[in-house]
Amino acid sequence: MTQLKSDFLKILTQRGFIHQCSDTAGLDELAGKGGLIAYVGYDCTAPSLHVGSLISIMMLHWLQQTGGKPIVLMGGGTTQVGDPSGKDETRKIITLEDIERNKTGMQQAFAKFLTFGSGPTDAAMVDNAEWLARLNYIAFLRDVGRHFSVNRMLTMDSAKLRLEREQELSFIEFNYMLLQAYDFVELARRYECRLQMGGSDQWGNIVTGIDLGRRMGTPQLYALTCPLLTTASGAKMGKTAAGAVWLNEEQLSAYEYWQFWRNTEDADVERFLKLYTTLPLAEVAKLAALKGAEINEAKKTLATEATALLHGREKAEAAAETARKTFEQGAAAEGLPTVELAKAELEGGIGVLTAFVQAGLVKSNGEARRQIQGGGLRVNDRPVVDEKTQLTVADVAADGAIKLSLGKKKHVLLKPV
């Protein structure tokens, strides 16, 4: 591979962000001139982004740090259609009200990683409903649709995998590729955007946009994808037994977010330090060299640095301190996730199984019973040995709560109100 010249591609390569690039030499030359404008699209399918979106946000972050201009494209238009990529069945149609609500929720996270404004390298947030909602269908078919080959579209993974499995691919989803390609052309025309980035599952859609741009007279466009990450054990990044790892604090507390990174598998520590923190690579190498029990120090650094990027340094250090007190001192430290419980309910006594279900530590009474049999549940740091145990006001500790624990790392405070 030829020596890279641009800081942008150097950093992304060194830190492990790049999976595929449509023309590395051409993009490197363009980025090296300064002022590269690039975008990533985010459909409004949930009230918050989750950690699976973080890798592409970090790519936009490094673009801005190296003198480029990031565009965050909100999919107010494309969400109405639904992206079939990586899905085994048709996405549920979302109402316009829900799309708008989701968009508002998702927007919160971007300002933590990007600087928005009107300057040449300030990030911009755009909604593709601005042009897609106004399209005349006949005119779109004539001016844009004629450039697409159905034969070629059927070879794309988003369509091919569904058809091979004999799973339905609706006509509305089949149009998604056209709309995403057209987004690239519109952003090239309106903002001089030359690069689209995204996950590797978006490769087919992105290169289709490059081809459409060539046919519709834009300057040369480029594609850059990041790997779809799994953990060392093969689990999908951003998914846990408790659900998605959300970026909005309303959905997931800073402490729980810190804990997610603290629980990283040993084999993933170096890779995640490169991707999800801004620590210099020399420091990452030192942390990655730690072995045995010392690797836990690297995990704590990963957790604190990743949490600081999203929630701020103060909350990250508070989460680290809460964890230290909880695990090293066994204290029911402030800052743990808290579930409120009516005081009257506690005065009458609440079954220990019910308490753990209400706290969200287990999903059912049956799961709680199995955990008790394995010694996995504790109340105020004491093992639960009898599934018929009743919790009462007598169990409320001096700090005004009952500490419920699942294993060594999951804790919730049950607080009577």
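Heavy atoms only: backbone and side chains are in, while hydrogens, waters and symmetry mates are out.
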Salt bridge flag under 4.0 Å for residues Glu283 and Lys286: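 Looking at Lys286 together with Glu283, the answer is no, because their closest N to O distance does not fall below 4.0 Å.
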
Salt-bridged, Lys10 to Asp28, with N to O below 4.0 Å?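 No salt bridge links Lys10 with Asp28.
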
Without placing hydrogens or testing angles, list every side-chain donor-acceptor pair under 3.5 Å for residues 124-141, not counting sequence neighbours.
residue, atom, partner, partner atom, Å
Asp127, OD1, Gly76, N, 2.9
Asp127, OD1, Ala129, N, 2.9
Asp127, OD2, Lys103, NZ, 2.7
Asn128, OD1, Gly76, N, 3.3
Asn128, OD1, Gly77, N, 2.7
Asn128, OD1, Thr78, N, 3.4
Asn128, ND2, Thr78, OG1, 3.0
Asn128, ND2, Asp183, OD2, 2.9
Glu130, OE2, Arg190, NH1, 2.9
Trp131, NE1, Asp183, OD1, 2.8
Arg134, NE, Glu130, O, 3.1
Asn136, OD1, Ile138, N, 3.1
Asn136, OD1, Ala139, N, 3.0

What are the two closest heavy atoms between [X] and [Y], and how far apart are they?
X	Y	answer
Ala223	Trp203	CB-CZ3, 3.8 Å
Lys69	Gly119	NZ-O, 3.3 Å
Val357	Lys363	CG1-O, 4.3 Å
Leu247	Ser48	N-OG, 3.4 Å
Val269	Lys299	CG2-CG, 3.7 Å
Asn248	Ala109	OD1-N, 4.3 Å

For Arg189, all residues meeting salt bridge (charged side-chain N to carboxylate O under 4.0 Å, His left out), sequence neighbours excluded: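 Partners of Arg189 by the salt bridge (charged side-chain N to carboxylate O under 4.0 Å, His left out) criterion come out as none, since no residue qualifies.
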
Quick one: are [X] and [Y] in side-chain contact, heavy atoms under 4.5 Å?
X	Y	value
Phe113	Leu310	yes
Thr307	Lys315	no
Trp246	Val51	no
Leu60	Ile57	no
Leu275	Phe17	yes
Glu317	Glu321	no
Trp258	Ser253	no
Arg15	Thr277	yes

Answer yes if the side chains of [X] and [Y] hold a donor-acceptor pair under 3.5 Å, and no otherwise.
X	Y	answer
Tyr176	Asp43	yes
Gln202	Gln180	yes
His411	Ser405	yes
Thr208	Asp211	no

Is the centre of the Phe116 ring less than 6.0 Å from the centre of the Phe110 ring?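 That pair fails the under 6.0 Å test.
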
Worked check of side chain to side chain contact (heavy atoms under 4.5 Å, CB included) between Leu361 and Leu404: CA-CA 8 Å; Leu361 288 168; Leu404 305 183; 3.8 Å; yes

Separation between [atom1] of [X] and [atom2] of [Y], rounded to the nearest 0.5 Å:
X	Y	atom1	atom2	result
Gln196	Leu224	CD	CG	10.5 Å
Cys226	His19	SG	NE2	9.0 Å
Gln108	Gln251	CD	CD	7.5 Å
Leu287	Leu273	CG	CG	6.0 Å
Glu29	Leu4	CD	CG	12.5 Å
Arg378	Phe356	CZ	CZ	8.5 Å

With a sphere of 6.0 Å drawn around [atom1] of [X], does it hold more than 12 non-hydrogen atoms of other residues, nucleotides or ligands?
X	atom1	answer
Lys112	NZ	yes
Gln20	CD	yes
Glu265	CD	yes
Glu314	CD	no

Show your working on salt bridge (charged side-chain N to carboxylate O under 4.0 Å, His left out) between Arg313 and Glu305 and close with a plain yes or no. CA-CA 8 Å; Arg313 180 67 57 183; Glu305 293 302 316; 2.9 Å; yes

Under the side-chain hydrogen bond (donor to acceptor under 3.5 Å, both in side chains) criterion, do Ser364 and Glu367 qualify, and how do the steps go? CA-CA 5 Å; Ser364 65; Glu367 184 183 345; 4.7 Å; no

Any donor-acceptor pair under 3.5 Å linking the side chain of [X] with the backbone of [Y]?
X	Y	result
Arg194	Gln220	yes
Asp268	Thr264	no
Thr79	Cys44	yes
Thr322	Ala318	yes
Thr304	Thr301	no

Pair Tyr42-Ser56, side-chain hydrogen bond (donor to acceptor under 3.5 Å, both in side chains): steps then yes or no: CA-CA 10 Å; Tyr42 301 89; Ser56 64; 2.8 Å; yes

Verdict with supporting geometry, Val40 and Val72, side chain to side chain contact (heavy atoms under 4.5 Å, CB included): CA-CA 6 Å; Val40 178; Val72 174; over 6 Å; no

Check against side chain to side chain contact (heavy atoms under 4.5 Å, CB included), Thr66 and Ser6: CA-CA 9 Å; Thr66 53; Ser6 67; over 6 Å; no

Quick one, Arg214 with Leu221, criterion side chain to side chain contact (heavy atoms under 4.5 Å, CB included). Give me CA distance, side-chain angles, the key distance, then yes/no. CA-CA 8 Å; Arg214 180 179 59 80; Leu221 304 178; over 6 Å; no

Could you walk me through whether Glu270 and Lys274 pass the salt bridge (charged side-chain N to carboxylate O under 4.0 Å, His left out) check? CA-CA 6 Å; Glu270 180 178 11; Lys274 288 179 179 179; 3.7 Å; yes

For the residue pair Tyr276 and Trp261, categorise the inter-ring angle as parallel (less than 30°), tilted (30 to 60°) or perpendicular (more than 60°).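 Aromatic pair Tyr276/Trp261 classed tilted.
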
